[in-house]
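Notes for the one structure printed next.
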Amino acid sequence: MAKRRGSPEDTAAKNQARKATEQMLKRLAFYVTQTADGDLPKLLSSGFAVSSLPQKDDVPLPVTGITVGDGRQKGQMRLDFDKNQSAKLYEYQLCQIDAHGLPDEWGESYTTSSSRLNIIAPLIPYQRYGVRVRAVNGYGRSDWSEMVSHVVR
């Protein structure tokens with residue numbers, strides 16, 4: 001339609017479709033890079049151009065500056081940490097801490113794109129929980145951070 005010099009509405013629809021397609025291709029490229037985890041044959045088989053070969057140094061550094069505190073409501077915990085410039089996403093895990101101060105098994109991993117205002121809920125009030133965080137980018141995952149604990153109100 002735009003080739004035929006369509007109406008402004010046709011041109012706007014074409015531009016909107018282009019932006020949506022570009023965004024989906026960016027997401028797909030990130031997914032391929034993350035899934036390949038630095039495996040060059042996998043990267044090359046994806047059909048995407050490889051801009052540079054993955055380097056060990058491209059894996060993000062461990063997350064620092066982790067703080068946990070009370071959320072706004074009972075049974076919530078707020079998680080904040082320093083932003084990692086090389087990270088695209090972050091993963092965090094939660095575990096309960098027993099009466100002796102030892103962590104139970106780590107639970108499933110949760111993903112966030114923000115280093116601030118992460119609310120973890122629902123949690124058991126007056127239970128101590130441990131949290132650890134790691135950074136993720138297209139070249140891999142950092143080591144887990146040190147555990148930080150908090151008693152939920």
Side-chain angles (χ1 to χ4, degrees), residues 14-153:
K14 176 196 70 154
N15 290 339
Q16 184 178 14
R18 176 186 293 137
K19 285 182 182 178
T21 302
E22 287 173 353
Q23 183 64 29
M24 290 304 297
L25 286 171
K26 285 179 185 178
R27 288 180 182 165
L28 181 60
F30 178 75
Y31 170 77
V32 166
T33 304
Q34 185 176 5
T35 302
D37 198 25
D39 184 356
L40 187 57
K42 282 183 187 176
L43 287 169
L44 294 173
S45 71
S46 71
F48 283 97
V50 177
S51 58
S52 65
L53 298 178
Q55 303 293 322
K56 178 98 173 114
D57 295 341
D58 292 337
V59 174
L61 296 172
V63 175
T64 59
I66 300 169
T67 59
V68 289
D70 292 330
R72 290 186 180 185
Q73 298 176 6
K74 187 175 182 177
Q76 290 183 342
M77 189 165 59
R78 176 180 160 172
L79 169 65
D80 298 300
F81 46 89
D82 295 339
K83 183 174 180 159
N84 187 320
Q85 294 301 322
S86 62
K88 299 291 184 191
L89 297 171
Y90 303 95
E91 292 179 340
Y92 62 91
Q93 287 183 320
L94 193 67
C95 73
Q96 290 187 359
I97 308 279
D98 68 17
H100 304 290
L102 301 172
D104 288 342
E105 285 191 32
W106 290 101
E108 65 180 286
S109 292
Y110 299 96
T111 304
T112 182
S113 59
S114 175
S115 63
R116 297 276 177 241
L117 300 172
N118 292 287
I119 300 298
I120 304 171
L123 301 173
I124 302 167
Y126 310 110
Q127 170 68 48
R128 180 174 292 278
Y129 287 91
V131 179
R132 64 182 183 176
V133 183
R134 68 180 172 185
V136 180
N137 67 16
Y139 300 109
R141 293 167 168 79
S142 70
D143 292 332
W144 285 107
S145 67
E146 294 292 320
M147 180 184 72
V148 177
S149 67
H150 180 71
V151 176
V152 176
R153 70 173 167 98

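The residues of the chain are indexed from 1 along the displayed sequence.
Interatomic distance, OG of Ser114 versus CG of Leu89, reported as 11.5 Å (0.5 Å rounding). Atoms CG and CD, from Asp98 and Gln96 in turn, are 10.0 Å apart once rounded to the nearest 0.5 Å.
Residues Tyr92 and Phe81 keep their aromatic ring centres 6.0 Å or farther apart.
The closest side-chain heavy-atom distance from Tyr129 to Met147 is not below 4.5 Å. A 4.5 Å side-chain heavy-atom check between Val152 and Ile124 finds every atom pair outside the cut-off.
Applying the side-chain hydrogen bond (donor to acceptor under 3.5 Å, both in side chains) criterion to Asn118, with sequence neighbours excluded, gives Thr112.
Formation of a donor-acceptor pair under 3.5 Å by the Ser142 side chain with backbone atoms of Ala135 is found in this model. Side-chain atoms of Tyr90 never come within 3.5 Å of backbone atoms of Lys83 as a donor-acceptor pair (strictly under, hydrogens ignored). Judged by distance alone, with hydrogens and angles left aside, the side-chain atoms of Tyr110 form no donor-acceptor pair with the main-chain N or O of Leu94 at under 3.5 Å. Judged by distance alone, the side chain of Asp104 and the main-chain N or O of Ile97 form no donor-acceptor pair under 3.5 Å.
For residues 108-135, the salt bridge (charged side-chain N to carboxylate O under 4.0 Å, His left out) pairs, not counting sequence neighbours, are Glu91-Arg134. Listed by first and then second residue, the salt bridge (charged side-chain N to carboxylate O under 4.0 Å, His left out) pairs that reach into residues 144-153 are Asp70-Arg153, sequence neighbours excluded.
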